[in-house]
Amino acid sequence: VQLQASGGGLGQAGGSLRLSCAASGLAFSSYFMGWFRQAPGKEREFVAAIGGSGVRKYNENSVKGRFAISRDNAKNTAYLQMNSLRPEDTAVYYCAANCLRVGRRPDEYNYWGQGTLVTVSS
């Protein structure tokens, strides 16, 4: 199983970025996909997750209303659209996959991508 995250980079406060997570080696439509992030010196934080049928969960405290998770099962790819970016969104963003549930905890996920760095300037 491989998860390849891409789309990170430098964004401005108030701007947008879209992350992609291309998956291979798994029955993608049967897997639950999640996005997490980790800022320097902080623990890995749940951002959003989506099931194969489209059920979604978000970190209500930090990203709900600004970020949107989606997936394209035909392309084996999950996405994270990030709008209204804030400097505190600066982190390495990881995509992850599991076959059980739309989880919020890192230990619920079996497979992880390598991470993509998002830096938001004020």
Side-chain angles (χ1 to χ4, degrees):
V1 174
Q2 284 194 326
L3 302 177
Q4 182 72 40
S6 62
L10 180 62
Q12 291 191 334
S16 299
L17 285 173
R18 190 176 82 153
L19 305 183
S20 299
C21 176
S24 60
L26 75 171
F28 182 76
S29 61
S30 299
Y31 275 72
F32 301 87
M33 301 299 297
W35 286 97
F36 292 79
R37 66 186 183 185
Q38 189 164 17
K42 295 188 176 182
E43 293 187 350
R44 194 163 295 191
E45 177 188 39
F46 170 73
V47 176
I50 186 169
S53 62
V55 63
R56 295 167 171 84
K57 291 184 180 179
Y58 293 96
N59 183 327
E60 288 83 1
N61 292 332
S62 60
V63 307
K64 193 171 185 181
R66 300 189 298 121
F67 291 9
I69 189 170
S70 62
R71 64 191 296 159
D72 185 336
N73 289 335
K75 295 183 178 180
N76 287 1
T77 302
Y79 304 95
L80 185 69
Q81 178 67 43
M82 304 187 296
N83 300 325
S84 301
L85 286 167
R86 302 169 180 169
E88 53 263 40
D89 294 321
T90 295
V92 176
Y93 283 72
Y94 298 90
C95 62
N98 84 83
C99 59
L100 293 178
R101 63 181 62 88
V102 185
R104 295 176 180 268
R105 301 193 317 268
D107 63 4
E108 295 180 288
Y109 289 81
N110 308 103
Y111 305 108
W112 290 85
Q114 84 289 1
T116 185
L117 177 63
V118 171
T119 303
V120 182
S121 62
S122 57

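Residues take their numbers from the sequence shown, with the count starting at 1.
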Summary of salt bridge (Lys or Arg N to Asp or Glu O under 4.0 Å) pairs that have at least one residue in residues 65-74, sequence neighbours excluded: Arg66-Asp89
Check: Arg56 side chain, Gly54 main-chain N or O, donor-acceptor pair, under 3.5 Å: yes
Asn110/Val1 under side chain to side chain contact (heavy atoms under 4.5 Å, CB included): CA gap, chis, key distance, verdict: CA-CA 10 Å; Asn110 308 103; Val1 174; over 6 Å; no
Expected output: side-chain Gln114 to main-chain Ala5 donor-acceptor under 3.5 Å: yes
Under 3.5 Å donor-acceptor, Arg104 side chain and Tyr58 backbone: yes
hydrophobic_cluster_shared for Tyr94 and Leu17, side chain cutoff 4.5 Å: no
Closest heavy-atom pair and its distance - Leu3, Tyr111: CD1-O, 3.5 Å
Atom pair CZ/CG of Arg86 and Asn83 - distance to nearest 0.5 Å: 11.5 Å
Minimum heavy-atom distance between Met33 and Cys21, given as atom pair plus value: CE-SG, 4.0 Å
Shared hydrophobic cluster for Ile50 and Tyr79 (ILVMFWY, side-chain gaps under 4.5 Å): no
Closest heavy-atom pair and its distance - Val102, Ala49: CG1-CB, 3.4 Å
Gln12 atom CD, over 12 foreign heavy atoms within 6.0 Å: no
Pairing residues for Phe36 by the ring-ring contact (aromatic ring centres under 6.0 Å, His included) criterion, not counting sequence neighbours: Phe46, Tyr109, Trp112
Heavy-atom check, side chain of Thr119 versus side chain of Leu10, under 4.5 Å: yes
Where Asn73 and Gly52 come nearest, the two heavy atoms and their spacing: ND2-O, 3.6 Å
Residues, nucleotides or ligands: over 12 heavy atoms within 6.0 Å of Glu43 CD: no
Candidate pair Phe67 and Ser62, rule side chain to side chain contact (heavy atoms under 4.5 Å, CB included), full reasoning: CA-CA 9 Å; Phe67 291 9; Ser62 60; over 6 Å; no
Non-neighbouring partners of Arg105 that pass side-chain hydrogen bond (donor to acceptor under 3.5 Å, both in side chains), sequence neighbours left out: Asp107
4.5 Å side-chain heavy-atom contact, Phe32 and Glu108: no
Closest non-hydrogen atom pair, Thr116 against Gly7: OG1-N, 4.1 Å
Side-chain heavy-atom pair Arg37, Leu80 within 4.5 angstrom cut-off: no
Thr90 to Ala39 - nearest heavy-atom pair and separation: O-CB, 3.7 Å
Distance (rounded to the nearest 0.5 Å) between Met82 CE and Arg18 CZ: 11.5 Å
